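Below, each value reflects all heavy atoms present in this structure, side chains not excepted, and no hydrogens, waters or symmetry copies. Nothing here was measured: the structure is a model prediction, and the numbers come from that model. The first residue of the sequence shown is numbered 1, and numbering continues consecutively from there.
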Amino acid sequence: MSKIKVFVYLVLFLIAGNAVAQVDTITFRFEPDVSSYNIFCQAQKVNISGTDTSYTNFEISDTVNSAYTFNWGGDTEPYVDGLPRVRYEFAAPGIHTFNVSIFENSTGKTYTDSKTFEIRDVVIVPNVFTPNGDGVNDLFIVKANGITPLEIWIYSRTGTQVFNEKAPIIVWDGRNSSGSELSQGIYYYVLKSDDSSVSQNGFFHLYSK
């Protein structure tokens with residue numbers, strides 16, 4: 001009799017374990033790559049409990065253990081398919097469709113999701129840099145896709161232009177046109193591009209010590 005009870009408990013435990021492992025539905029999120037027109041898609045488990053919704057990333061172990069089968073697509077194919085996190089590559093900006101189909105082996109269910117996303121220039125302008133020669137953050141670098149030309153003007157607080165450059169990647173060492181090191185302080189920049197959505201302006205701090 002005790003063996004039967006142990007067997008029943010074991011079966012219930014396995015059923016409960018499978019119930020916990022299963023998901024209510026799936027989705028995915030986007031992770032733009034600043035250095036290019038690439039984008040990463042990360043598959044996520046969605047668990048719904050009453051009014052609460054939680055999101056958990058699928059891990060590479062979900063594929064290795066054959067718990068789930070991933071199939072990505074859309075109006076183009078990912079660089080490598082069959083993984084919880086994949087990369088799509090593009091040559092230019094544009095609006096694209098992405099979709100994923102995930103087969104859950106324990107239940108035989110297939111979950112799908114589809115989204116559209118605009119691939120565009122992602123430009124990051126630092127708000128502080130320290131050109132003091134210590135090898136850390138010595139350069140003011142505007143991170144972009146490295147393809148679309150950018151032009152930047154940098155001004156002191158008195159309105160004097162101290163730097164101007166046009167290039168796909170902006171790199172500045174904190175010196176003016178005559179090669180002199182600029183004093184510590186707050187500077188103003190104007191950044192323009194053929195893509196109006198990229199154009200911006202703002203302030204940053206230069207620390208020389």
Using modelled atom types and a 3.5 Å cut-off, is there a donor and acceptor pairing between side-chain atoms of [X] and backbone atoms of [Y]?
| X | Y | answer |
| --- | --- | --- |
| Y88 | G73 | yes |
| D75 | T97 | yes |
| Q184 | S208 | yes |

Between [X] and [Y], is there a shared hydrophobic cluster once you connect ILVMFWY residues whose side-chain heavy atoms come closer than 4.5 Å?
| X | Y | value |
| --- | --- | --- |
| V171 | Y189 | no |
| W72 | F40 | no |
| Y79 | I119 | yes |
| I60 | F103 | no |

Starting at [atom1] of [X], measure out to [atom2] of [Y] and round the result to the nearest 0.5 Å.
| X | Y | atom1 | atom2 | answer |
| --- | --- | --- | --- | --- |
| R85 | T63 | CZ | OG1 | 13.5 Å |
| T69 | I102 | OG1 | CD1 | 10.0 Å |
| Y111 | S101 | OH | OG | 11.5 Å |
| S54 | Q44 | OG | CD | 10.0 Å |
| N132 | L206 | CG | CG | 9.5 Å |
| I26 | E104 | CD1 | CD | 11.0 Å |

Co-members of W153 in a cluster of I, L, V, M, F, W and Y side chains, linked at under 4.5 Å: Y155, I186, Y188, V190, F203
Does I48 sit in a hydrophobic cluster with other residues, and if so which ones, taking ILVMFWY side chains as linked at heavy-atom separations under 4.5 Å, directly or through other members? V46, Y55
Would you say the ring centroid of F58 lies under 6.0 angstrom from that of F70? yes
Aromatic ring centroids of H96 and F117 under 6.0 Å? no
Set of residues satisfying salt bridge (Lys or Arg N to Asp or Glu O under 4.0 Å) with respect to [X], sequence neighbours excluded:
| X | result |
| --- | --- |
| K115 | D113 |
| D173 | R175 |
| D138 | none |

Just checking, is any N or O donor in the side chain of N38 or E89 under 3.5 Å from an acceptor N or O on the other one? no
Side chain proximity check, [X] to [Y], heavy atoms < 4.5 angstrom:
| X | Y | result |
| --- | --- | --- |
| Y68 | N105 | no |
| I154 | N164 | no |
| I169 | V142 | no |
| F163 | I152 | yes |

ring-ring contact (aromatic ring centres under 6.0 Å, His included) between F204 and F140, worked out: CA-CA 10 Å; F204 64 89; F140 180 90; 4.5 Å; yes
F90 atom CZ, over 12 foreign heavy atoms within 6.0 Å: yes
Counting only heavy atoms from other residues, nucleotides and ligands, does the tally under 6.0 Å from CZ of F30 exceed 12? yes
How far apart are the closest heavy atoms of P126 and I141, and which atoms are they? CD-O, 3.2 Å
Considering all heavy atoms of both residues, which atom of S193 and which atom of P149 are nearest to each other, and what is their separation? OG-O, 3.6 Å
Can W172 and F129 be said to form a side-chain contact (heavy atoms from CB on, under 4.5 Å), step by step? CA-CA 10 Å; W172 181 45; F129 87 117; 3.9 Å; yes
L191 vs N201, test: side-chain contact (heavy atoms from CB on, under 4.5 Å). Steps then yes/no. CA-CA 6 Å; L191 181 71; N201 55 70; over 6 Å; no
Stepwise side-chain contact (heavy atoms from CB on, under 4.5 Å) test for N127 and V125: CA-CA 7 Å; N127 56 17; V125 181; over 6 Å; no
Residues pairing under salt bridge (Lys or Arg N to Asp or Glu O under 4.0 Å) where one sits in residues 55-67, two or more places apart or in two chains, turn out to be K45-D62
Do Q42 and E31 pass the side-chain contact (heavy atoms from CB on, under 4.5 Å) test, and can you show the C-alpha distance, the side-chain angles, and the key distance before you say yes or no? CA-CA 8 Å; Q42 171 65 57; E31 302 172 8; 3.8 Å; yes
